[in-house]
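What follows is one structure encoded as structure tokens, with my remarks underneath.
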Amino acid sequence: MNKPFLPKRQAGLTAVELIVGLAVLALVLLYAVPKVNSMYESKQEESLISDISMLVAGAKKMRGIRSNYTGVTCNTIVSQKYASMPFSSCTGANPQGGNYTVSASGSTLTVTATGLEANFCSRVENAIAPSSTTAACSGGTLTTTFRG
């Protein structure tokens, strides 16, 4: 006896299945990408605040028992290993590729980070303000002052 003719089932996706799948993927990406960017910026903020804190600690160590910060600079702190920094030069060292500078005047220490995106700079300014004497952002430059 002859078997009835059965057409072969074709494998693959229909246009509707493909469109639905792409729509679901687009929704997942719309949710995930901003979260990843936010986590990355948060990590950069933490890194910048940590770097500034280590530079201040290194400057205090370099000052030692003296009454002022005379001779303290960012490159001196880094090159003479007064602080264990994740970079070997203060040029292009901050998380957004800008520079660090450390300047001293008597018992006042100023740490500057340049090349920062404006919103990022403002967030870091607000985060570091409680631990510094002054903190200000202007034109992508964060300037923080510490006493003592």
Side-chain angles (χ1 to χ4, degrees), residues 9-148:
R9 180 159 167 87
Q10 293 203 358
L13 297 174
T14 66
V16 172
E17 292 170 327
L18 184 60
I19 290 171
V20 168
L22 288 174
V24 169
L25 179 63
L27 288 173
V28 168
L29 288 176
L30 281 173
Y31 176 76
V33 169
K35 296 289 184 192
V36 170
N37 285 340
S38 176
M39 289 182 347
Y40 178 70
E41 285 181 0
S42 177
K43 180 65 178 159
Q44 282 187 326
E45 290 172 25
E46 290 172 15
S47 179
L48 183 64
I49 292 168
S50 173
D51 288 351
I52 291 171
S53 296
M54 285 191 292
L55 286 169
V56 170
K60 286 181 179 182
K61 188 186 291 184
M62 186 177 175
R63 182 189 78 184
I65 60 172
R66 296 179 296 172
S67 61
N68 61 46
Y69 288 104
T70 303
V72 174
T73 67
C74 186
N75 284 324
T76 305
I77 294 167
V78 173
S79 66
Q80 294 183 11
K81 307 225 184 286
Y82 281 100
S84 180
M85 304 302 294
F87 46 85
S88 58
S89 167
C90 294
T91 304
N94 78 39
Q96 293 200 331
N99 304 329
Y100 287 117
T101 58
V102 175
S103 59
S105 175
S107 63
T108 302
L109 183 70
T110 302
V111 180
T112 304
T114 63
L116 305 175
E117 189 269 327
N119 290 334
F120 176 84
C121 189
S122 294
R123 288 192 305 273
V124 174
E125 173 190 0
N126 292 334
I128 206 163
S131 64
S132 65
T133 305
T134 63
C137 266
S138 178
T141 299
L142 173 68
T143 304
T144 55
T145 305
F146 303 87
R147 292 199 191 278

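Note that the numbering runs from 1 along the sequence shown for the chain.
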Check [X] against [Y] and note the closest heavy-atom contact, atom names and distance.
| X | Y | value |
| --- | --- | --- |
| Q96 | E117 | OE1-N, 2.7 Å |
| G71 | T76 | O-OG1, 4.2 Å |
| A129 | A135 | CA-CB, 4.0 Å |
| Y69 | S107 | CE1-O, 3.5 Å |

Going through the checks in order, is the side chain to side chain contact (heavy atoms under 4.5 Å, CB included) test met by Y82 and K60? CA-CA 9 Å; Y82 281 100; K60 286 181 179 182; over 6 Å; no
For [X], all residues meeting side chain to side chain contact (heavy atoms under 4.5 Å, CB included), sequence neighbours excluded:
| X | answer |
| --- | --- |
| P86 | D51, M54 |
| K43 | E46 |
| S38 | none |

Hey, which of V111, T110, T73 is the one that makes side-chain contact (heavy atoms from CB on, under 4.5 Å) with S103?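 Among the candidates, only T110 passes.
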Donor-acceptor pair, side chain of T114 and main chain of G98, under 3.5 angstrom: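 Checking the backbone N and O of G98 against the side chain of T114, no donor-acceptor pair under 3.5 Å is found.
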Just by distance, with hydrogens left out, do S105 and T108 show a side-chain donor and acceptor under 3.5 Å apart?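 Distance-only check fails for S105 and T108.
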Are side-chain N/O atoms of N68 and T70 paired as donor and acceptor at under 3.5 Å?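 Per modelled atom types, N68 and T70 side chains form a pair under 3.5 Å.
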With a 4.5 Å heavy-atom cut-off, do [X] and [Y] have their side chains touching?
| X | Y | value |
| --- | --- | --- |
| L116 | V124 | no |
| F120 | L142 | no |
| I52 | F146 | yes |
| V56 | T144 | no |

Sorted by first residue and then second, give each disulfide (SG to SG under 2.5 Å) pair with at least one member in residues 40-113; sequence neighbours left out.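 For residues 40-113: C74-C90.
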Using the disulfide (SG to SG under 2.5 Å) rule, collect all pairs that involve residues 94-136, keeping only residues at least two apart or in two chains.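 Checked against disulfide (SG to SG under 2.5 Å) - neighbours excluded - the pairs reaching residues 94-136 are C121-C137.
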Does F87 have more than 12 heavy atoms from other residues, nucleotides or ligands lying within 6.0 Å of its CZ?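 Count over threshold, so yes.
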What's the separation between atom CG in L48 and atom OG in S53, rounded to the nearest 0.5 Å?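 Rounded to the nearest 0.5 Å, the CG-OG separation comes to 9.5 Å.
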Measure the CD1-CG distance between I77 and L109 for me, rounded to the nearest 0.5 Å.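 Those atoms lie 6.5 Å apart.
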Under the side chain to side chain donor-acceptor pair (under 3.5 Å) test against T145, which residue among T133, T112, T134 passes?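 When side chain to side chain donor-acceptor pair (under 3.5 Å) is applied between T145 and each of T133, T112, T134, only T134 qualifies.
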What residue pairs, at least two apart or across chains, pass side-chain hydrogen bond (donor to acceptor under 3.5 Å, both in side chains) with a residue in residues 118-128?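 Residue pairs passing side-chain hydrogen bond (donor to acceptor under 3.5 Å, both in side chains), neighbours aside: E41-R123, E45-R123.
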